[in-house]
Amino acid sequence: MVITSGPDEAADIAAGAVERLLASNPDAVLGLATGSSPVPTYRLLIERHRSGRLSFARSRAFLLDEYVGLPADHAESYRAFIDREFTGQVDFGPEAVDGPDGTVGLDRAGDDLATAGQTYEEQISRAGGIDLQLLGIGGDGHIGFNEPVSSLGSRTRLKTLTEETRADNARFFGGDIDAVPRHVITQGIGTILEARHLVMIATGESKAGPIARAVEGPLTAMVPA
Ligand code: F6R
């Protein structure tokens, strides 16, 4: 664990890890988290790309998770979020960024949702697995959207968000908890643990409790992170 003087230094360390990886392997596969924690890291990566220090042209990226039931072009879908905050501002190739398909919606054939996780796992494995996965941590200790009691060996699948997570994320939906989807497709904890390097970023006082439970508490499915 690295305790930094603030979010800027944390972002610098995380961006440095991505930069070193791409310098040694330009074809590296990145795992990207959304939410607010990695945004300063993405800003640094965009700056370093613009200054010619860093290229993503040969790399690929996989999102950690996606809301279910939002139209793909909804501003808060994680595909739209990552495009706006990071991938659309650097030089990833046109097909280089993937996320779980959350547009299948709960009212369409169950098969779509049941197989969306497996399909995504296959895409990640065809790409050779994830070299570096960026992560945040939820107020309830979630990682990806693996909420408390998620199996530590879980794979990409449909999950239901806790009320705490929906309340936390209402800030992205104009403060309206009812606008926050109830369901998501998320990489499982087992999937995340297969990445070759994990970098979790936690900033701000609200993360002190979950970080203490994750780092100092017992290994338990109640604290997926
Ligand atoms: C996002 C994700 C979540 C967030 C977590 C923290 O892709 O999987 O686990 O990392 O909810 O969110 P922020 O960073 O907004 O506090």
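Quick caveat, the model's predicted, so the values are computed rather than measured. Remember, it's 1-based here, ligands and their atoms both numbered in the order they're listed.
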*Asks:* Does one side chain, of Asn169 or Tyr67, offer a donor that lies under 3.5 Å from an acceptor on the other?
*Replies:* yes
*Asks:* Looking at Glu163 and Arg166, is any side-chain nitrogen of the basic one under 4.0 Å from a carboxylate oxygen of the acidic one?
*Replies:* yes
*Asks:* Of Phe81, Phe56, Phe86, which meets ring pair (Phe, Tyr, Trp, His ring centres under 6.0 Å) against Tyr42?
*Replies:* Phe86
*Asks:* Using a strict 4.0 Å cut-off to heavy atoms of Arg171, name the atoms of ligand 1 that fall inside it.
*Replies:* 13 (P), 15 (O), 16 (O)
*Asks:* Once side-chain hydrogen bond (donor to acceptor under 3.5 Å, both in side chains) is applied, do any residues pair with Asp140, and if so which ones, sequence neighbours excluded?
*Replies:* His142, Thr162, Thr165
*Asks:* Where is the nearest protein heavy atom to atom 16 (O) of ligand 1: which residue, which atom, and how far?
*Replies:* Lys207 NZ, 2.6 Å
*Asks:* Is it true that a side-chain atom of Ser154 and a backbone atom of Gly188 form a donor plus acceptor pair closer than 3.5 Å?
*Replies:* no
*Asks:* Please determine if Arg171 and Glu76 form a salt bridge, counting it only when a charged side-chain N lies under 4.0 Å from a carboxylate O.
*Replies:* no
*Asks:* Give the residue and atom name of whichever protein heavy atom lies nearest to atom 6 (C) of ligand 1, and the separation in Å to one decimal.
*Replies:* Ile137 O, 3.3 Å
*Asks:* Please work out whether any backbone atom (N, CA, C, O) or any side-chain heavy atom from C-beta onward of Glu147 is under 4.0 Å from ligand 1, and answer side chain, backbone, both or neither.
*Replies:* neither
*Asks:* Determine all donor-acceptor pairs shorter than 3.5 Å in which one atom belongs to a side chain in residues 213-225; sequence neighbours excluded.
*Replies:*
from	atom 1	to	atom 2	distance (Å)
Arg213	NH2	Gly139	O	3.2
Thr220	OG1	Met222	N	2.9

*Asks:* What protein heavy atom is closest to atom 8 (O) of ligand 1, reported as residue, atom name and distance in Å?
*Replies:* Asp65 OD2, 2.4 Å
*Asks:* Going by the closest heavy atom to atom 3 (C) of ligand 1, which one wins out of Gly136, Gly144, Ala33?
*Replies:* Gly144
*Asks:* Provide the number and element of each atom of ligand 1 under 4.0 Å from a heavy atom of Leu64.
*Replies:* 8 (O)
*Asks:* Taking only Lys NZ, Arg NE, NH1 and NH2, and the carboxylate oxygens of Asp or Glu, determine whether Asp101 and Arg79 approach each other closer than 4.0 Å.
*Replies:* no
*Asks:* Can you name the atoms of ligand 1, numbered from 1 with element, that are less than 4.0 Å from a heavy atom of Gly35?
*Replies:* 14 (O), 15 (O)
*Asks:* Among protein heavy atoms, which lies nearest atom 14 (O) of ligand 1, and at what distance?
*Replies:* Ser37 OG, 2.5 Å
*Asks:* If the cut-off is 4.0 Å to any non-hydrogen atom of Ser36, which atoms of ligand 1 fall inside it?
*Replies:* 13 (P), 14 (O), 15 (O), 16 (O)
*Asks:* May I ask you to check whether His142 has an N/O atom sitting below 3.5 Å from an N/O atom of ligand 1?
*Replies:* yes
*Asks:* Please say whether Thr34 places an N or O atom under 3.5 Å from an N or O atom belonging to ligand 1.
*Replies:* yes
